[in-house]
Amino acid sequence: LDILYEDDEIILVNKPAGMLSQKAKETDESLVEYLIDYLLGSGKLTESGLRAFRPSVCNRLDRNTSGIVAAGKSLAGLQMLSGVFKDRSIHKYYQCLVSGEIRDVKTVDGWLLKDEKKNQVRILTDVEAKRFEGKGGDEEPKRIRTKYEPIATDGRFTLLKVTLLTGRSHQIRAHLASLGHPIVGDSKYGGVSKVNPSGRTVKYQLLHSYRLEFPKLAEPFAYLSGRVVEAPMPGYFCSVLKETGIRLP
């Protein structure tokens with residue numbers, strides 16, 4: 001595991017693209033299993049302790065999205081992390097490479113409707129969303145807000161910093177695609193697989209959760225107040241960027 005931060009209560013891991021955050025079915029191997037293997041192997045967790053409490057992740061990234069996943073090593077740590085993710089007091093920032101040129105910082109609103117069978121979402125306008133009013137549950141669209149700002153562009157592609165103001169399944173991927181800027185490598189939402197004809201085929205969507213900022217916390221977690229944790233951009237992401245000619249500032 002690429003461990004970014006660890007103490008007795010929590011652990012933050014830089015998840016690689018291609019790995020599940022949690023099992024989708026019993027035969028899957030996910031970050032949770034790797035985490036438990038690490039804790040058992042290092043002596044930080046015992047078999048008897050595992051029967052009393054099972055460490056778990058508090059935020060999930062799509063299989064093909066890389067970046068920071070937070071997990072609780074103790075019940076207190078799990079509850080604290082679950083609380084700050086639920087109330088959105090912890091700030092999450094992403095980097096992604098999208099098609100098209102973007103020059104301005106924008107905060108955009110929309111409605112997200114998920115198709116559970118296809119594991120895919122679509123973005124609705126206010127008028128479209130009104131047609132679903134009163135249906136409730138998963139059949140009712142959820143309000144979303146996404147902020148994005150350009151870091152660098154070559155005119156054909158733009159590297160963005162994205163802030164999740166709401167946290168919904170596939171929000172960044174679908175919202176940007178609906179605006180005409182799909183993420184490179186994201187075939188589900190119309191992203192291109194290559195940035196130039198002679199370059200590599202991009203295997204994963206170029207979306208990376210690179211920064212977490214903790215809010216002010218009370219004891220016993222006051223020591224985490226204001227802490228910032230960052231995950232370096234994956235090597236394959238950097239390689240594709242070089243093919244575009246975009247350079248990180």
Side-chain angles (χ1 to χ4, degrees), residues 2 13-21 24 28-31 59-69 92-106 108 110 112-115 117-124 144 146-164 167-211 230-249:
D2 181 7
V13 178
N14 186 13
K15 184 188 84 67
M19 179 187 289
L20 287 168
S21 297
D28 286 337
E29 283 190 348
S30 72
L31 179 62
N59 65 309
R60 288 181 293 175
L61 299 177
D62 296 333
R63 181 198 287 267
N64 292 333
T65 297
S66 60
I68 304 173
V69 175
K92 300 175 287 184
Y93 302 94
Y94 293 74
Q95 292 169 326
C96 60
L97 184 68
V98 301
S99 294
E101 183 178 29
I102 297 175
R103 291 288 183 183
D104 300 319
V105 178
K106 285 189 178 180
V108 289
L112 181 148
L113 183 66
K114 185 170 185 179
D115 185 330
K117 292 181 180 179
K118 295 181 179 179
N119 189 30
Q120 192 167 1
V121 305
R122 58 192 178 104
I123 307 302
L124 308 179
I144 57 171
T146 309
K147 179 182 177 181
Y148 61 84
E149 51 190 294
I151 298 172
T153 183
D154 68 347
R156 300 179 304 126
F157 300 96
T158 304
L159 179 65
L160 294 179
K161 173 185 175 182
V162 181
T163 307
L164 271 182
R168 304 291 184 187
S169 178
H170 297 194
Q171 177 178 326
I172 295 174
R173 298 165 60 190
H175 212 173
L176 288 170
S178 74
L179 298 170
H181 300 290
I183 295 173
V184 173
D186 189 1
S187 58
K188 179 171 281 192
Y189 292 101
V192 299
S193 61
K194 290 187 176 185
V195 295
N196 62 62
S198 60
R200 72 175 67 194
T201 298
V202 182
K203 186 177 180 181
Y204 307 115
Q205 63 243 15
L206 296 185
L207 176 62
H208 178 60
S209 174
Y210 83 100
R211 183 179 173 100
E230 291 194 346
M233 183 180 284
Y236 74 89
F237 197 148
C238 295
S239 297
V240 177
L241 271 184
K242 287 180 180 178
E243 291 181 23
T244 66
I246 292 174
R247 294 290 179 265
L248 287 169

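If you're wondering where the values come from, they're calculated on a predicted model, not measured in any experiment. These numbers come from the heavy atoms of this one structure, side chains and all, not from hydrogens, waters or symmetry mates.
Residues Lys194 and Val202 fail the side-chain proximity criterion, which asks for heavy atoms closer than 4.5 Å. The closest side-chain heavy-atom distance from Leu241 to Val195 is not below 4.5 Å. Between Leu160 and Ile151 there is no side-chain heavy-atom pair separated by less than 4.5 Å. Side-chain contact between Val108 and Leu179 is present, with at least one heavy-atom pair separated by less than 4.5 Å. Annotation: side chain of Cys96 is in contact with side chain of Val162 (closest heavy-atom distance under 4.5 Å). A heavy-atom distance below 4.5 Å is not found between the side chains of Phe157 and Val98. With a 4.5 Å cut-off on side-chain heavy atoms, Leu61 and Ser209 count as touching. You'll find the side chain of Thr244 reaches within 4.5 Å of the side chain of Leu97, heavy atoms only.
Among residues at least two apart or in separate chains, side-chain hydrogen bond (donor to acceptor under 3.5 Å, both in side chains) pairs with a member in residues 178-187 are Arg173-Asp186.
Between Tyr148 and His175, a ring centre-to-centre spacing not shorter than 6.0 Å is recorded. Taking the ring centroids of Tyr236 and Tyr204, they lie under the 6.0 Å cut-off.
Taking CZ of Arg103 as the start and OG1 of Thr158 as the end, the distance is 7.5 Å to the nearest 0.5 Å. Note: Ser66 OG to Lys15 NZ = 7.0 Å, rounded to the nearest 0.5 Å. Rounding to the nearest 0.5 Å gives a distance of 6.0 Å between CD of Gln95 and NE2 of His208. Atom NE2 of His170 and atom NZ of Lys114 lie 6.0 Å apart (nearest 0.5 Å). For the atom pair OG (Ser193) and CD (Gln205), the distance works out to 13.5 Å, reported to the nearest 0.5 Å. To the nearest 0.5 angstrom, Ile144 atom CD1 is 5.0 Å from Leu112 atom CG.
Between Arg156 and Asp154 there is a salt bridge, since a side-chain N of the basic residue sits under 4.0 Å from a carboxylate O of the acidic one.
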| field | From CA spacing to verdict: side chain to side chain contact (heavy atoms under 4.5 Å, CB included), Gln171, Val121 | value | CA-CA 8 Å; Gln171 177 178 326; Val121 305; over 6 Å; no
| task | Apply side chain to side chain contact (heavy atoms under 4.5 Å, CB included) to Asp115 and Asn119, showing your working. | result | CA-CA 6 Å; Asp115 185 330; Asn119 189 30; over 6 Å; no
| task | May I have the step-by-step check of side chain to side chain contact (heavy atoms under 4.5 Å, CB included) for Leu113 and Ile123, ending in yes or no? | result | CA-CA 6 Å; Leu113 183 66; Ile123 307 302; over 6 Å; no
| query | Would Leu20 and Leu31 count as a side chain to side chain contact (heavy atoms under 4.5 Å, CB included) if you check the C-alpha gap in whole Å, the side-chain angles of each, and the deciding distance to 0.1 Å? | reply | CA-CA 6 Å; Leu20 287 168; Leu31 179 62; over 6 Å; no
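Under the 3.5 Å distance criterion, the side-chain polar atoms of Asn196 are matched with a main-chain donor or acceptor of Ser198.
Other residues, nucleotides and ligands contribute over 12 non-hydrogen atoms within 6.0 Å of the CD atom of Glu101. Within 6.0 Å of NZ in Lys147 there are 12 or fewer heavy atoms belonging to other residues, nucleotides or ligands. In this structure, Arg211 places its CZ atom where more than 12 heavy-atom neighbours from other residues, nucleotides or ligands lie under 6.0 Å away.
In plain terms, the two heavy atoms of Pro182 and Gly190 that are nearest each other are CG-O, 3.6 Å. Of all non-hydrogen atoms in Gly199 and Glu243, the two that sit nearest each other are CA-OE1, 3.3 Å.
For the pair Lys161 and Tyr94, the cation-pi test (distance below 6.0 Å, angle within 45°) is failed.
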